[in-house]
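Keep in mind that the numbers below use all heavy atoms, side chains included, and drop hydrogens, waters and symmetry copies.
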Amino acid sequence: MCSLHLFALFSFFSPISCALVNVTIDDTNGDSITGTHITYNPFDAWQKGQDCTNCTALLNSDKLYDGTWHDASYNPVRGTSNSYPGTIISASVSFTGSAVYVICTLTGSTSSPDGNTDMTFIVDGSTAGTFERSPNGDTSYSFGQIVFAKSGLDQRKHTLSIESGIMARRHSCCWTELFIPPIRC
């Protein structure tokens, strides 16, 4: 399982000056300024980690932005973690900015939870990067890990999608925390 937190940086125009402002798109609470929320698909494959009673990953919410995370697993065959075997799991969000960063929690655990991580990042319909990591047996959690960074985007509205299960086609987890899209004025 992997957790994803989403951050957004937006600029606000002022007649005197202009600066970058960090506006977070949280996995659960969204962006308190613009009202933007992340869309999860299939919806029922994702669990609010902090409320999940049957999730194998029990993260320390004190180490997560707003104490929240979303938890999902890609399963190539019918399994116990969701009822969507062979279905790619995804999280998507629209943002306005010139860059975007995805922050996740990772583990190297080999079981309960399975620390296999397989993510493909799609910006505006084109694959912009991947993150793949096999478990190494380390059962600790690494919080606040940048798993994707994309700068140099035109300053306009974009869509970011994270898909799990595309590359390895084996069980993989996704614990979402934050997206961070910056905007320059």
Query raised in the report: Taking it one step at a time, do Leu153 and Val123 satisfy side chain to side chain contact (heavy atoms under 4.5 Å, CB included)?
Result: CA-CA 10 Å; Leu153 299 172; Val123 177; 4.2 Å; yes
Report task. Assess whether side chain to side chain contact (heavy atoms under 4.5 Å, CB included) is satisfied between Thr96 and Gln155, documenting all intermediate values. Result -> CA-CA 7 Å; Thr96 300; Gln155 179 62 39; 3.9 Å; yes
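Interatomic distance, CG of Asp154 versus OG of Ser98, reported as 9.5 Å (0.5 Å rounding). Summarising the geometry, atom CE belonging to Met119 is positioned 12.5 Å from atom CD belonging to Glu163; distances are rounded to the nearest 0.5 Å.
Residues Ala99 and Ser151 come closest through the heavy atom pair CB-CA, 3.7 Å. For the pair Ala45 and Ile89, the tightest heavy-atom approach, listed with the atom from each and the gap, is CB-CG2, 4.1 Å.
Thr127 places no side-chain N or O within 3.5 Å of a backbone atom of Gly129 that could act as its donor or acceptor partner. Judged by distance alone, the side chain of His37 and the main-chain N or O of Asp31 form no donor-acceptor pair under 3.5 Å. With Ser164 contributing its side chain and Asp118 its backbone, the two residues share a donor-acceptor pair below 3.5 Å.
Note on ring orientation: taking the six-membered ring where Trp is involved, the planes of Trp46 and Tyr40 are tilted (angle from 30° to 60°).
Using a 4.5 Å cut-off on side-chain heavy atoms (C-beta onward), Val93 and Thr36 make contact. Residues Glu132 and Thr117 fail the side-chain proximity criterion, which asks for heavy atoms closer than 4.5 Å. Looking only at side-chain heavy atoms (C-beta outward), Val102 and Cys104 come within less than 4.5 Å of each other. A 4.5 Å side-chain heavy-atom check between Tyr141 and Leu106 finds every atom pair outside the cut-off. Side chains of Pro42 and Thr87 form a contact here, defined as non-hydrogen atoms less than 4.5 Å apart.
When each of Tyr101, Phe131, Phe121 is tested with Phe148 by the rule ring-ring contact (aromatic ring centres under 6.0 Å, His included), just one qualifies, namely Phe121.
One finds a salt bridge joining Asp124 and Arg156 here, because a Lys/Arg side-chain nitrogen approaches an Asp/Glu carboxylate oxygen to under 4.0 Å.
Residues meeting the side chain to side chain contact (heavy atoms under 4.5 Å, CB included) test with Ser94, sequence neighbours left out: Lys157, Thr159.
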